[in-house]
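Read the numbers this way: they start at 1 and go in the same order the structure lists the ligands and their atoms.
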Amino acid sequence: MSESENLKREICELKRANNAVILAHNYQVEDVQLAADFLGDSLELSRRAASLEQEVIVFAGVKFMAETAKILSPAKTVLLPRLDAGCPMADMITVDELRALKAAHPAAMVVTYVNSSADIKAESDVCCTSANAVQVVRSVPAAEIIFIPDRNLGSYVQSQVPEKKLHLFDGYCYVHDRFKTEEIEATRARFPGAVVIVHPEVRPEVIALADEVLSTSGMLRTVKASPAREFIVATEHGLLQRMMRENPGKAFIPAGTVKVCSNMKRTSLRDVRDSLRDRQYAITVDPRVAEAAGRALREMLQYG
Ligand code: 13P
Ligand code: SF4
């Protein structure tokens, strides 16, 4: 039996013994995607975390995702297999910077992308993900919004909700911010019939060239349902691997160079096994922070 087969078998046994479940984000390495009980985007995984029966959740993703699961399911043990799997964007804004924005715009409501720390969520009115950001901003009862921390997602939401005024912060995703207009144009020139789909964390000038702007699972649903055979995809490479696996008759072309989030790729199958076996690393959130952050997260779950 190969090492990977052995690990998979061990993982299955440990899951049963620990009454555990594995949630994994669409950007995880392929082995981990295949070992997951639920594979999805941030919104799907948050919803799933809030409604699971198992006692232990192994979260194969980055820290803010495991933290979100712990806040939504405080009685459960939430394990992050790698403590060094963080999201640099989530660390770009500090509580003091958010408080300064609130002081500068006292009439505004704070809409916070889930790619943020629990401390920041605790100071927010409502959270959002890339899948529901437009809907959340459109629906909240305020004409003025402080939208943090992603400037690219914020500017996309502003373009979709022109009737509201968004105050943006200067955060960004180092993976998505690297897509360039020239990459989209050159790839389109090689595949003129392909549909261009991009994640809203890419820059506004890249969004301007797209046929569709979608969250990772929104992309999956779209390519599955579309009669088109070729897609140029601007997001982290793990999602393209899932698309290829699940849509064998279709072609998925990276928009320019392959872009990889090293944080998402840290977790291996062995880390998942170790996490289950040694119950590491259990996520904890200060109860007062968790209560306030939980309000903003549950508020989000009411929206689509
Ligand atoms: P999704 O919510 O679209 O899966 O994106 C999460 C993320 O980290 C994007 O970089
Ligand atoms: Fe964070 Fe970007 Fe990695 Fe997503 S892809 S986890 S936003 S750094």
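- The nearest non-hydrogen atom to atom 2 (O) of ligand 1, considering only Ser42, Ala131, Gly40, comes from Ser42.
- In the vicinity of Tyr174, heavy-atom distances shorter than 4.0 Å reach the ligand 2 atoms 8 (S).
- Near Glu201, meaning under 4.0 Å from one of its heavy atoms, ligand 1 places the atoms 7 (C), 9 (C), 10 (O).
- Residues Tyr156 and Ser130 have side chains that never bring a donor and an acceptor to within less than 3.5 angstrom of each other.
- Of all atoms in ligand 2, numbered sequentially from 1 with element shown, those under 4.0 Å from a heavy atom of Asn115 are 7 (S).
- Atom 1 (Fe) of ligand 2 has no N, O or S atom of Cys173 under 2.8 Å away, backbone or side chain.
- Note on ligand 1: Glu236 sits outside its first shell, no heavy atom being nearer than 4.0 Å.
- Below 3.5 Å of separation, one finds no N or O of Tyr113 facing any N or O of ligand 1.
- Here Asp41 has heavy atoms under 4.0 Å from ligand 1 in both its backbone and its side chain.
- Of all atoms in ligand 1, numbered sequentially from 1 with element shown, those under 4.0 Å from a heavy atom of Ser215 are 3 (O).
- Contact annotation for Met89 and ligand 2: only side-chain heavy atoms (C-beta onward) come within less than 4.0 Å of the ligand.
- Near Glu201, meaning under 4.0 Å from any of its heavy atoms, are these atoms of ligand 2: 2 (Fe), 7 (S).
- Atom 3 (Fe) of ligand 2 has an N, O or S atom of Cys261 under 2.8 Å away, backbone or side chain.
- By the criterion of a heavy-atom distance under 4.0 Å, the side chain of His199, and not its backbone, is placed next to ligand 1.
- The atoms of ligand 1 that sit less than 4.0 Å from any heavy atom of His176 are 10 (O).
- Contacts with ligand 1 closer than 4.0 Å are made by side-chain heavy atoms of Asn115 only, the backbone lying farther away.
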